[in-house]
Amino acid sequence: MVFCEVFSNFAHAIGTVQLCLRGIYALRIMSISKTRQKLVDVARQLFAKNGLENTTMNDIAQASGKGRRTLYTYFKSKEDIYFAVIESELERLSDQLDEVAAKRIPPQEKIIELIYLHLSMIRETVVRNGNLRAEFFRNIWMVEKIRKNFDDAEIELFRRVFREGKEGGEFDIDNVDLVADITHYCIKGLEVPYIYGRIAHGMTAEATKPQVAKIVYSALGKRRN
């Protein structure tokens, strides 16, 4: 009995230690994540203000208050942190698209919201990054490589919404995967003209939505009531 009690106490102590270690590890991961995000945020602001070429790793280290050693712990070069800035901006867009897809609204309404959110967020991202926006267009192929995960996630999101609409009898779609691919790349192709105001010049989003909805619903086999 004494042995069992001792063993039980020992096992309990081990379990407590393991819980503490897991808690410490979780806090450390959280701290690392916050530090890295702070460096990315500071770098984005400096890139937007001064441009990529005119911003140095020393500038980022000083502005963040973290020091060069900490900066180089997370990023090997200015290019690495530039890529992280792009990824962070895409993650921001992806989170908002996920929120729309999760709304309890008809799938046809989700599609229109997703289209407008994608375009408006891309334009906002380019505009708010000031002097960095030239780099987005100058390094378009590198940006394309970085945004691959975002593109894949968005296509999958469209697949989910289209399946939802098909199963509910809202859409007349034979191949959901194909339609999702086409939808994504059509929207992607509109990014640059939308950013420069070459689409529906002078019109508000609310004014254009009925016509856009009509085009989209016709393509999906959905008629507006």
Side-chain angles (χ1 to χ4, degrees), residues 37 40-41 44 48 84-130 132-133 136-137 140 143-225:
Q37 189 57 50
V40 171
D41 290 340
R44 187 197 65 76
V85 166
I86 297 175
E87 288 177 341
S88 179
E89 293 294 277
L90 291 172
E91 286 172 4
R92 191 170 66 95
L93 171 56
S94 185
D95 289 343
Q96 294 204 33
L97 291 173
D98 286 340
E99 289 180 11
V100 171
K103 284 185 176 181
R104 302 177 73 85
I105 58 176
Q108 63 268 27
E109 292 183 21
K110 286 184 186 180
I111 293 298
I112 303 302
E113 281 203 37
L114 289 171
I115 291 172
Y116 275 86
L117 177 61
H118 176 119
L119 292 174
S120 62
M121 285 287 293
I122 287 290
R123 181 166 62 185
E124 181 211 318
T125 296
V126 171
V127 170
R128 88 188 188 103
N129 280 291
L132 183 58
R133 60 189 174 193
F136 291 152
F137 295 109
I140 190 66
V143 172
E144 282 295 299
K145 182 178 180 180
I146 297 171
R147 70 176 282 178
K148 183 180 185 304
N149 288 337
F150 165 78
D151 287 346
D152 290 345
E154 184 176 59
I155 290 171
E156 181 56 37
L157 184 150
F158 278 124
R159 287 172 181 162
R160 292 197 337 249
V161 176
F162 286 142
R163 287 194 194 100
E164 178 186 347
K166 181 178 180 179
E167 291 169 1
E170 298 291 338
F171 301 147
D172 182 14
I173 301 174
D174 292 328
N175 190 316
V176 168
D177 291 348
L178 176 61
V179 174
D181 287 344
I182 292 174
T183 302
H184 166 77
Y185 286 106
C186 282
I187 299 169
K188 190 173 179 178
L190 294 173
E191 289 176 358
V192 173
Y194 191 83
I195 288 169
Y196 286 108
R198 296 171 185 162
I199 298 177
H201 181 67
M203 297 180 67
T204 65
E206 291 307 315
T208 61
K209 278 185 178 181
Q211 185 61 41
V212 171
K214 185 176 181 180
I215 295 170
V216 172
Y217 294 164
S218 296
L220 297 174
K222 170 67 180 179
R223 293 182 179 180
R224 294 190 68 189
N225 296 325

What I want to find out is whether [X] reaches [Y] closely enough, with some N-O distance under 4.0 Å, to be called a salt bridge.
X      : Y      : value
Lys166 : Asp174 : no
Glu154 : Lys188 : no
Glu113 : Lys103 : yes
Glu124 : Arg92  : yes

Between [X] and [Y], which heavy-atom pair has the shortest distance, and what is it?
X      : Y      : result
His118 : Leu93  : CA-CD1, 4.2 Å
Ala213 : Ile112 : CA-CD1, 3.6 Å
Val179 : Leu220 : CG1-CD2, 3.8 Å
Ile155 : Ala180 : O-CB, 3.8 Å
Val161 : Pro107 : CG1-O, 3.7 Å
Val40  : Ser88  : CG1-CB, 3.9 Å

**Request:** Using the six-membered ring of Phe150, assess whether NZ or CZ of Arg147 lies under 6.0 Å from its centre and within 45 degrees of the ring axis.
**Result:**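 No cation-pi geometry.
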**Message:** What verdict does the side-chain contact (heavy atoms from CB on, under 4.5 Å) test give for Arg163 and Asp177, after you've listed the backbone C-alpha separation in whole Å, the side-chain angles of each residue and the deciding distance to 0.1 Å?
**Reply:** CA-CA 9 Å; Arg163 287 194 194 100; Asp177 291 348; 3.8 Å; yes
**Asked** Are any non-hydrogen side-chain atoms of Gln108 and Phe171 less than 4.5 angstrom apart?
**Response**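 Of all side-chain heavy-atom pairs linking Phe171 with Gln108, at least one is under 4.5 Å.
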**Close side-chain approach of Asp181 and Phe158, heavy atoms under 4.5 Å** =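 The answer is no; the side chains never approach within 4.5 Å.
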Return the [atom1] to [atom2] distance between [X] and [Y], rounded to the nearest 0.5 Å.
X      : Y      : atom1 : atom2 : value
Glu167 : Ile173 : CD    : CD1   : 11.0 Å
Glu109 : Leu114 : CD    : CG    : 11.5 Å
Ile115 : Leu97  : CD1   : CG    : 11.5 Å
Asp151 : Leu90  : CG    : CG    : 8.0 Å
Asn149 : Ser94  : CG    : OG    : 10.0 Å
Asn175 : Phe162 : CG    : CZ    : 11.5 Å

**Item:** Under 3.5 Å: donor-acceptor pair, side chain of Ser120, backbone of Tyr116
**Value:**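 It does hold such a pair.
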